[in-house]
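All remarks here apply to the structure that follows.
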Amino acid sequence: MNLRIVIFAVVALAALLLVYFYLGKERSARYNWYQSLDKNSSQPYGTLVIKKMLELSHSGTKTTNEKEPIHKLLEGKNYKNTDYV
């Protein structure tokens, strides 16, 4: 009789662990941890939050997200009152 209870407890524990790990896998899939730096992405490496903050603090100005180095973007141009992030 005691052997049946032990076997049932082990099987139930194994089933609970499988369900826990299966559900835990689903929860972690909602975040994309790859670096994108996309201006419209709200994922951890997206820049949507920074873009919105800049647009709110500098109303009426243009916000760009470029992948080129800053020295190449500014080469031969005359910018005034600009911020770089």
Side-chain angles (χ1 to χ4, degrees):
M1 186 69 157
N2 288 338
L3 184 60
R4 278 188 174 173
I5 294 173
V6 171
I7 291 173
F8 178 75
V10 168
V11 169
L13 181 63
L16 286 173
L17 284 173
L18 285 173
V19 168
Y20 175 77
F21 285 118
Y22 178 74
L23 292 177
K25 184 178 178 183
E26 291 296 319
R27 278 183 285 183
S28 66
R30 62 184 167 174
Y31 296 113
N32 179 3
W33 289 101
Y34 294 104
Q35 183 176 354
S36 70
L37 301 179
D38 182 21
K39 63 184 176 186
N40 297 319
S41 175
S42 62
Q43 293 297 317
Y45 283 105
T47 59
L48 180 67
V49 173
I50 293 173
K51 180 180 179 254
K52 283 184 178 182
M53 286 173 47
L54 286 173
E55 288 173 348
L56 288 173
S57 67
H58 296 84
S59 61
T61 60
K62 180 180 161 188
T63 304
T64 61
N65 184 2
E66 302 291 336
K67 293 188 178 193
E68 278 188 70
I70 192 73
H71 66 87
K72 287 187 178 182
L73 289 172
L74 300 177
E75 208 168 78
K77 297 177 182 162
N78 186 16
Y79 289 108
K80 294 181 181 177
N81 298 328
T82 56
D83 293 323
Y84 308 104
V85 179

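Note that these values count all heavy atoms, side chains included, but never hydrogens, waters or copies made by symmetry. Here the structure is a predicted model, which is why all the values come from computation and not from measurement.
Residues meeting the side chain to side chain contact (heavy atoms under 4.5 Å, CB included) test with L56, sequence neighbours left out: none. Residues meeting the side chain to side chain contact (heavy atoms under 4.5 Å, CB included) test with K72, sequence neighbours left out: E68, P69. Qualifying side chain to side chain contact (heavy atoms under 4.5 Å, CB included) partners for E75, counting only residues two or more places apart in sequence or in other chains: none.
The distance from the CG atom of L13 to the CG atom of L18 is 10.0 Å, given to the nearest 0.5 Å.
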